[in-house]
Amino acid sequence: LTGLGIKDSISSISKNQFSGENAVAKYDAQIVLNDRNVSGISPEETLAGVKEDVRVKDAILTHMRTLNGSSEREPDTVLPVSILVPGNTEDLQNFIKLQNRKTGEAYTLNSEGVLVSEKFAAKTKTNPGDEIFVTLNDGSNVNMKVAGVVENYAFHYIYMTKELYTQTFGEEPVFDFITAKLSDNIKSMDETERNAEKTKLATDLAKRDDISVVVYTDQAVNTFNKLLKGLDALVFIFVGSAGALAFVVLYNLSNININ
């Protein structure tokens, strides 16, 4: 039971985060942008170009940076956390489910505070109204007030508006990603056609001077699932050992009763 429980718990992470009907991530791809100083093209222009492609249903600019984070309640617990800032606050809910897992309360980003992912909040003992902080490369800490805790299963996240980001860090966010949804037409294709169309889309986009690479969420899911296959052997050992132990115990008990 322990072995099967471990496998089921871990395998549900991928589904709940990326591929399930009510998954946290509602998007299909992350498009990495080249530096505008090199390409000469602004992120807004790139976004407009991507959204014009009929193979893309919707897209949004995002800024993401990863820093070490902790809280005033648990300063010795330091975790790598990704700060995600949407170019358009209202549109973020179309790409990421911002909801409390326990209460079902849906959140909208505002400048009153940040939203943090559930596991980060749990490990740092953080509740709404508390303060967390992230450590910059120069060693200084930047504090943030927590407005809510949202459902999440993989990695740690802090979500905040671009206005709050500017106020907190003293600089405007640089939008270096485009988070995108694929068209319904591509999603309705069989697996072979869909994969071929996705490969072509990624190749076409990567030809642009302002785009570096396209990463699909199912690539992350496939990688995760491959790792899970290695867990099958561990589960077999758990189950086999438990079965052998149960047999030995029952055999000994039987002998005791006979004697």
Lys162 and Gly87: which non-hydrogen atoms are nearest, and at how many Å? NZ-O, 3.2 Å
Is there side-chain contact between Leu61 and Glu44, with at least one heavy-atom pair below 4.5 Å? yes
Single-linkage hydrophobic cluster Val146~Val81, side-chain heavy atoms < 4.5 angstrom: yes
If only side-chain N and O atoms count, and only distance matters, is there a donor-acceptor pair under 3.5 Å linking Ser82 with Thr66? yes
Closest contact, heavy atoms only, Gly148 versus Pro128: CA-CG, 4.2 Å
Test side-chain contact (heavy atoms from CB on, under 4.5 Å) on Leu67 and Thr135 and set out the steps. CA-CA 6 Å; Leu67 297 168; Thr135 303; over 6 Å; no
Give me the atom names and distance for the closest heavy-atom approach of Ser111 to Leu164. O-CD1, 3.8 Å
Please work out which of the three classes, parallel, tilted or perpendicular, describes the rings of Tyr157 and Phe155, given edges at 30° and 60°. perpendicular
How far apart are the C-alpha atoms of Ile132 and Phe120, what are their side-chain angles, what is the distance that settles it, and do they pass the side-chain contact (heavy atoms from CB on, under 4.5 Å) test? CA-CA 10 Å; Ile132 60 172; Phe120 179 85; 4.0 Å; yes
Minimal non-hydrogen separation, Thr168 against Asn143, with atom names: CG2-O, 3.9 Å
Would a 4.5 Å heavy-atom cut-off, applied to side chains only, mark Val142 and Phe133 as touching? no
Same apolar cluster: Phe95 and Val32, side chain cutoff 4.5 Å: yes
For the pair Lys57 and Asp184, evaluate salt bridge (Lys or Arg N to Asp or Glu O under 4.0 Å) and give the outcome as yes or no after the intermediate values. CA-CA 7 Å; Lys57 182 177 182 178; Asp184 293 335; 3.4 Å; yes
Any ion pair linking Lys145 and Glu131 (charged N to carboxylate O, less than 4.0 Å)? no
Is there side-chain contact between Glu197 and Arg55, with heavy atoms separated by less than 4.5 Å? yes
Quick check: does any side chain N or O of Ser71 sit under 3.5 Å from a backbone N or O of Thr124, one acting as donor and the other as acceptor? yes
Working to the nearest 0.5 Å, report the span between CG of Asp209 and NZ of Lys207. 12.5 Å
Between Lys200 and Asp204, is there a side-chain N and carboxylate O pair less than 4.0 Å apart? yes
Within 45 degrees of the axis of the six-membered ring of Tyr216 and under 6.0 Å from its centre: does Lys198 put its NZ or CZ there? yes
Flag side-chain contact, heavy atom, 4.5 Å: Leu84 against Leu92: yes
Under 3.5 Å: donor-acceptor pair, side chain of Thr161, backbone of Tyr165: no
Is any side-chain heavy atom of Val214 less than 4.5 Å from a side-chain heavy atom of Leu201? no
So, do Phe169 and Met160 sit near enough that their side-chain heavy atoms are less than 4.5 Å apart? yes
Is the closest basic N to carboxylate O distance between Glu118 and Arg101 below 4.0 Å? yes
Stepwise salt bridge (Lys or Arg N to Asp or Glu O under 4.0 Å) check, Lys97 with Glu151: CA-CA 8 Å; Lys97 182 170 70 173; Glu151 180 179 1; 3.3 Å; yes
Could you check whether Lys187 pairs with Asp28 (Lys NZ or Arg NE/NH1/NH2 to Asp/Glu carboxylate O, under 4.0 Å)? yes
Between Met189 and Asn185, does a side-chain contact (heavy atoms from CB on, under 4.5 Å) hold up when you go through it step by step? CA-CA 7 Å; Met189 296 176 178; Asn185 181 47; 3.7 Å; yes
When rounded to the nearest 0.5 Å, the distance separating CG of Asn34 from OG of Ser39 is 6.5 Å
Consider only side-chain heavy atoms of I, L, V, M, F, W and Y, link residues closer than 4.5 Å, and tell whether Ile96 and Leu109 are in one cluster. yes
Once you round to the nearest 0.5 Å, how far does CG of Leu33 lie from NE2 of His63? 12.5 Å
Result block: side-chain N/O donor-acceptor pairs under 3.5 angstrom for residues 172-182, not counting sequence neighbours:
unit_1: Asp176; atom_1: OD1; unit_2: Met64; atom_2: N; d: 3.4
unit_1: Thr179; atom_1: OG1; unit_2: Gln30; atom_2: OE1; d: 2.9
unit_1: Thr179; atom_1: OG1; unit_2: Thr62; atom_2: OG1; d: 3.3
unit_1: Lys181; atom_1: NZ; unit_2: Asn94; atom_2: O; d: 2.7

Give the cluster check for Val213 versus Tyr27: same hydrophobic cluster or not, with ILVMFWY residues linked at side-chain heavy-atom distances below 4.5 Å. yes
Check Asp130 with Arg73, please: is the shortest side-chain N to carboxylate O separation under 4.0 Å? yes
More than 12 heavy atoms from other groups under 6.0 Å of NZ on Lys119: no
I need the Tyr159 OH to Ile83 CD1 distance, nearest 0.5 Å. 12.5 Å
Could you please spell out the steps behind the side-chain contact (heavy atoms from CB on, under 4.5 Å) verdict for Thr166 and Glu171? CA-CA 5 Å; Thr166 301; Glu171 60 184 22; over 6 Å; no
Are Leu98 and Val149 linked, directly or through intermediate hydrophobic residues, by side-chain heavy-atom contacts shorter than 4.5 Å (ILVMFWY only)? no
Going by atom types alone, do Asp210 and Thr46 pair a side-chain donor with an acceptor below 3.5 Å? yes
Going by atom types only, do Glu45 and Ser42 share a side-chain donor-acceptor pair under 3.5 Å? yes
Atom CE of Met144 and atom OG1 of Thr126: how far apart are they, to the nearest 0.5 Å? 12.0 Å
For Ala23 against Lys26, the heavy-atom pair lying closest together: O-CG, 4.2 Å
For Asp138 and Ser140, test the side chains for any donor-to-acceptor distance below 3.5 angstrom and give the result as yes or no. yes
Residue pair Glu112 / Asn110: nearest heavy atoms and the distance that separates them: N-OD1, 2.8 Å
Would you say the side chain of Asn68 lies within less than 4.5 Å of the side chain of Leu79, judging by non-hydrogen atoms? no
Nearest-0.5 Å distance, CG of residue Asn88 to CD1 of residue Ile60: 5.5 Å
